[in-house]
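For reference, the structure discussed in these notes is given below.
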2 protein chains.
Amino acid sequence: MHDHDLCIAEAMARAQRRCRADGLHLTPVRRRVLEILLEEHRAMGAYEILDRLRAEGLGSQPPVAYRALDFLMKHGFVHRIETLNAFVACTERPGSADSHVPGFLICRTCRRVIETCVDTGGGRLETAAAGAGFAIEHAIREAAGRCADCRSAA
Amino acid sequence: MHDHDLCIAEAMARAQRRCRADGLHLTPVRRRVLEILLEEHRAMGAYEILDRLRAEGLGSQPPVAYRALDFLMKHGFVHRIETLNAFVACTERPGSADSHVPGFLICRTCRRVIETCVDTGGGRLETAAAGAGFAIEHAIREAAGRCADCRSAA
DNA sequence: TCCGCGACCGATACTGTATAACATATCGTC
DNA sequence: GACGATATGTTATACAGTATCGGTCGCGGA
């Protein structure tokens, strides 16, 4: 069992350092959205995040949340889970400059997300793309199922 | 250049045969939705499809389109594109009993979709899942970019 | 015959997701 | 102090998806 508070504190410190180093502004809203996602440690919908912000007086309209999420995604602190239309904090090389190609294992019961680095390379999709003259700009891999905890709980 | 009308006719005939063989009901709404997707040959949103149905007097409320799409997806005639929240007709072994694992190359300009069969196997995501005790139930692979036509047009 | 059953369709209403457009504020720089 | 760049606030609206109720039609069994 890991110390989740410590884990969050470290992640926030890392984010802070990265922003300072690259001249990015980790404003209160952006900072808090990242914290919320780290605390929950699961995929959250934009409106669920927005509710939190509203409760804390940090903005109440959808664009507030979406703009913060866009910033965090653009710089690699957060990933979007397409199959859930939701967002998770990056746990694998967060904020790394080389935007790694992540793969996600998404538990349909607890919405916890395991992030793995699958990188790219001579996969079949890449081969097919090359053959068709298709230029891949962004690839995703997501798998839905049930995590070990939820399976043993059942 | 292929004969698109013929291609559609063949796909519809195949669907018809498959439904007859398996006791599935290819009702007018379901039939027309599949036809529309085959005609357009690109990813379409549910509401765009619904507009067509409405214009043809085949139903005007969201559930009509979603029920038809659910049926077509369940039986492998149509795939959902998660990154677009949209749908395409299956071009690779449509309606095949073994629900193949498809990969998609999605052009962000024309929304045309190239479907490839990537199957599964000892990929990194599967390895990570096995290691974490995660049971994968459904996996997707999608890549956004630009197709050969759109690239040469630019 | 008629009753029930299941599959499909129709319609209302609602929740959730996402963005456009415009106004305001803040800050460093010239 | 004026300016541009960046971030936030606000309104409104479009798009996506679901819950729920009711109607119709065909079909098999009492």
Side-chain angles (χ1 to χ4, degrees), chain A residues 15 19-20 22-34 36-37 42-75 77-88 106 108 111 142 144, chain B residues 15 19-20 22-34 36-37 40 42-75 77-88 106 108 111 140 142 144:
Chain A
C19 286
R20 193 145 13 216
D22 292 12
L24 306 173
H25 297 320
L26 193 61
T27 64
V29 177
R30 293 169 178 176
R31 182 191 171 79
R32 188 65 193 121
V33 169
L34 178 55
I36 289 170
L37 284 170
R42 64 181 171 88
M44 295 179 76
Y47 279 59
E48 197 182 350
I49 294 168
L50 183 57
D51 284 343
R52 300 282 200 94
L53 294 179
R54 204 184 330 251
E56 299 172 16
L58 272 173
S60 60
Q61 303 305 322
V64 174
Y66 282 103
R67 285 193 283 237
L69 288 166
D70 283 346
F71 170 88
L72 293 169
M73 276 193 293
K74 182 174 170 188
H75 299 292
F77 299 115
V78 161
H79 293 297
R80 180 180 168 77
I81 305 296
E82 297 290 347
T83 46
L84 296 176
N85 290 328
F87 306 85
V88 280
I106 305 151
R108 64 174 163 79
R111 281 173 70 118
E142 297 182 9
Chain B
C19 286
R20 193 145 13 215
D22 292 12
L24 306 173
H25 297 319
L26 194 61
T27 64
V29 176
R30 293 169 178 177
R31 182 190 171 79
R32 190 65 193 121
V33 169
L34 179 54
I36 289 170
L37 285 170
E40 289 293 328
R42 63 181 172 88
M44 295 178 78
Y47 280 58
E48 196 182 352
I49 294 168
L50 183 56
D51 284 343
R52 298 281 199 97
L53 294 180
R54 205 186 328 254
E56 299 172 15
L58 271 174
S60 60
Q61 304 306 322
V64 174
Y66 282 105
R67 284 192 285 236
L69 288 166
D70 283 346
F71 170 88
L72 293 169
M73 275 194 292
K74 182 175 171 188
H75 299 291
F77 299 116
V78 160
H79 293 297
R80 179 180 168 76
I81 304 298
E82 298 290 346
T83 46
L84 296 176
N85 291 327
F87 306 84
V88 278
I106 306 151
R108 64 174 163 80
R111 282 173 67 118
I140 64 157
E142 298 181 9

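Below, chains carry the letters A, B, ... as their sequence lines are ordered, and counting in each starts from 1.
- Of the side-chain N and O atoms in A:Asn85, one or more sit less than 4.0 angstrom from OP1 or OP2 of C:dA18.
- The CG atom of B:Asp51 sits 13 Å away from the P atom of D:dA14 (whole-angstrom rounding).
- Residues B:His25 and B:Pro62 each lie close to DNA chain C; by heavy-atom proximity, the contact nearer the 5' end of the strand is made by B:His25.
- Applying the 4.0 Å criterion to OP1 and OP2 of D:dG9, one finds that A:Ser60 has every side-chain N and O outside that range.
- When distances are taken from the side chain of B:Gln61 to each of C:dA11, D:dA16, C:dC9, the shortest belongs to C:dA11.
- In this structure, B:Leu24 reaches neither bases nor backbone, as no heavy-atom distance under 4.0 Å exists between it and the strands shown.
- A:Arg80 has a side-chain polar atom (N or O) that falls below the 4.0 Å cut-off from OP1 or OP2 of C:dA18.
- The shortest distance between the side-chain N/O atoms of A:Arg67 and the OP1/OP2 oxygens of D:dT10 is not below 4.0 Å.
- The CZ-C1' distance, from A:Arg30 to C:dT26, rounds to 13 Å in whole Å.
- Residue B:Leu69 contributes atom CG, which lies 15 Å from atom P of C:dC8 at whole-angstrom precision.
- Using a 4.0 Å cut-off, no side-chain N or O of B:Thr27 falls inside it from OP1 or OP2 of C:dA7.
- Atoms CG (B:Leu50) and C1' (D:dT18) sit 14 Å apart, rounded to a whole Å.
- The shortest distance between the side-chain N/O atoms of A:Tyr66 and the OP1/OP2 oxygens of C:dA18 is below 4.0 Å.
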**Prompt:** Stepwise, does the salt bridge (Lys or Arg N to Asp or Glu O under 4.0 Å) test hold for A:Arg67 with A:Asp70?
**Reply:** CA-CA 5 Å; A:Arg67 285 193 283 237; A:Asp70 283 346; over 6 Å; no

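- Counting to the nearest Å, the C1' atom of C:dG16 and the CZ atom of A:Phe87 are 12 Å from each other.
- Looking at the side chain of B:Pro63, the nearest of the listed nucleotides C:dT12, D:dA16, C:dT17 is C:dT12.
- Counting to the nearest Å, the P atom of D:dC15 and the CE atom of B:Met44 are 13 Å from each other.
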